[in-house]
Amino acid sequence: MTEVCSARVLMFDLDDTLVDDGQATASAAKALFRHYQPQQEAAALIHWQRALKKYYPDFLQAKISASAMRQARAREALQMPQLSDAEAEQAFEYFMQQYIAATQLYAESLACLEQLRQQGWRLALVSNGPEDMQQRKVAAAGLNPYFEFVLTAEAAGAAKPKAAIFQQAAQRAQVSLSQCCYIGDNLANDAQGAAAAGMQSIWLKRDGSAAQVQPYRGVAWQISSLTQLIHCIELAKG
């Protein structure tokens, strides 16, 4: 029997939930190195991911600004510490332009959002990311018409899994935390973080292991595709 979701607002993660961040990042990283460091193009993604792991946590913990994070990532990935701030920004912007060009939604994303909207759900997007970067992704993917608002970690001043970002999202939607359900691919940051804050949550684990909708530790449901989302929630009226 399908469990009824008591939420009034569904809130989504962006990267690797609605948008295939992995393929876009790999494509953009190769293009960046082809332009700046062609001799290292084969290892482009390795270098880019190393820079991400080194500086992105500091951004999420508000230890560095978005601009400082962008510049540091460009210098670290390209192994070009001599880049000025302006040059590093230019390199990161080159990456972003390639990323936007390569941005693709998962095959079921739009169909899922459209069906939810037709069923009367209120939809929002809450993402761990810099404001400009995430807003550009949302626009490039054509997602703006589906969401009442987009809340990023930079705009909120707090990142998932901290409760503050979920609290701000609920406040913006003018509902209680218990009236929200969050859907995301990261177990700790998305599903368990939202649940700890007081939301219902759904863990999207895109490896096919959840052939059927099923519960998971501290999470309402586990699914392997957004096509299953319709089957594990029902519209709660009133």
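Treat the numbers as computed from the prediction; the structure is a model and nothing was measured. Just so you know, residue 1 is the first one in the sequence shown, and it goes up from there.
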Flag the pair V9 / L123 as yes when at least one side-chain heavy-atom distance between them is below 4.5 Å, and no otherwise. no

Are D13 and V126 side-chain neighbours, meaning at least one heavy-atom pair lies under 4.5 Å? no

Within 45° of the axis and under 6.0 Å from the centre of the six-membered ring of F59, does NZ or CZ of R73 qualify? no

What class does the angle between the rings of Y94 and Y36 fall in, given that below 30° is parallel, 30 to 60° is tilted and above 60° is perpendicular? perpendicular

Working to the nearest 0.5 angstrom, can you tell me the gap between D190 CG and T17 OG1? 5.5 Å

Identify whether the distance between the nearest side-chain nitrogen and carboxylate oxygen of K30 and E41 falls below 4.0 Å. no

Can you list the steps and then say if S225 with Q228 is a side chain to side chain donor-acceptor pair (under 3.5 Å)? CA-CA 6 Å; S225 168; Q228 295 176 318; 5.9 Å; no

For L83 against R75, the heavy-atom pair lying closest together: O-NE, 2.8 Å

Would you mind reporting whether M69 and P130 have side-chain heavy atoms less than 4.5 Å apart? yes

With side chain to side chain donor-acceptor pair (under 3.5 Å) as the criterion, how do Q79 and Q40 come out once you've worked through the C-alpha distance, each side chain's angles and the decisive distance to 0.1 Å? CA-CA 10 Å; Q79 301 170 72; Q40 297 188 47; 2.7 Å; yes

Mind checking whether Y182 and F166 have parallel, tilted or perpendicular rings, split at 30° and 60°? perpendicular

Out of curiosity, R206 CZ to D20 CG, how far, rounded to the nearest 0.5 Å? 8.0 Å

Would you kindly confirm whether L110 and Y106 end up in one hydrophobic cluster when ILVMFWY residues are joined by side chain heavy atoms under 4.5 Å apart? no

Run the side chain to side chain contact (heavy atoms under 4.5 Å, CB included) check on L204 and L229 step by step: do they pass? CA-CA 9 Å; L204 173 61; L229 182 59; over 6 Å; no

Quick one: CG on L60 to NZ on K162, what's the gap to the nearest 0.5 Å? 9.0 Å

Under 3.5 Å, is there a donor-acceptor pair between the side chain of E87 and the main chain of S84? yes

Using a strict cut-off of less than 4.0 Å between a Lys/Arg side-chain nitrogen and an Asp/Glu carboxylate oxygen, indicate whether E114 and R117 qualify as a salt bridge. yes

Give me the atom names and distance for the closest heavy-atom approach of P161 to G193. CB-CA, 3.8 Å

Can you tell me if CD on Q97 sees more than 12 non-hydrogen neighbours from other groups inside 6.0 Å? yes

I'd like to know whether CD of Q82 has more than 12 heavy-atom contacts from other residues, nucleotides or ligands below 6.0 angstrom. yes

Assess whether side chain to side chain contact (heavy atoms under 4.5 Å, CB included) is satisfied between I183 and L226, documenting all intermediate values. CA-CA 9 Å; I183 302 99; L226 289 175; 4.3 Å; yes

Would F33 and W48 count as a close aromatic pair, with their ring centres under 6.0 Å? no

Test side chain to side chain donor-acceptor pair (under 3.5 Å) on T152 and E131 and set out the steps. CA-CA 6 Å; T152 65; E131 179 72 7; 2.6 Å; yes

Approximate separation, where rounding is to 0.5 Å, of I202 CD1 and D185 CG: 13.5 Å

Between the side chains of N128 and Y56, does any donor sit under 3.5 Å from an acceptor? no

If you take all heavy atoms of A91 and L78, which pair is closest and at what distance? CB-CD1, 4.0 Å

Please report the interatomic distance CH2(W203) to NZ(K205), rounded to the nearest 0.5 Å. 4.0 Å

In this structure, would V175 and L10 fall into the same cluster of hydrophobic residues linked by side-chain contacts under 4.5 Å? no

Are F12 and W221 co-members of a hydrophobic cluster defined by side-chain heavy atoms under 4.5 Å apart? yes

Using 0.5 Å steps for rounding, measure from the CZ atom of R136 to the CD1 atom of I100. 5.5 Å

For S65 versus A68, what's the shortest heavy-atom pair and its separation? OG-N, 3.1 Å

Is S201 reaching over with its side chain to a backbone N or O of A191, donor-acceptor style, under 3.5 angstrom? yes

Is there a path of hydrophobic side-chain contacts, each under 4.5 Å between heavy atoms of I/L/V/M/F/W/Y residues, joining Y146 to W121? yes

Taking C-beta and beyond as the side chain, do F92 and L32 meet within less than 4.5 Å on heavy atoms? no

Check whether any side-chain N or O of S27 sits under 3.5 Å from a backbone N or O of Q23 as a donor-acceptor pair, and report yes or no. no

Does the side chain to side chain contact (heavy atoms under 4.5 Å, CB included) test come out yes or no for M11 and E148, once each step is laid out? CA-CA 10 Å; M11 298 186 177; E148 291 185 12; over 6 Å; no

Electrostatic pair R70-E154, nearest N-O below 4.0 angstrom: no

Worked verdict on L143 versus L105 for side chain to side chain contact (heavy atoms under 4.5 Å, CB included): CA-CA 9 Å; L143 293 175; L105 291 164; 3.8 Å; yes

Grab the two heavy atoms, one from C180 and one from A170, that are nearest each other, plus how far apart they are. SG-CB, 4.0 Å

Given the options K160, Q134, K137, S127 meets side chain to side chain donor-acceptor pair (under 3.5 Å) only with Q134

Within one Ile-Leu-Val-Met-Phe-Trp-Tyr cluster: M133 and V19, side-chain cutoff 4.5 Å: yes

Testing the basics here: between T25 and F95, what is the closest heavy-atom pair and its distance to 0.1 Å? O-CE1, 4.0 Å

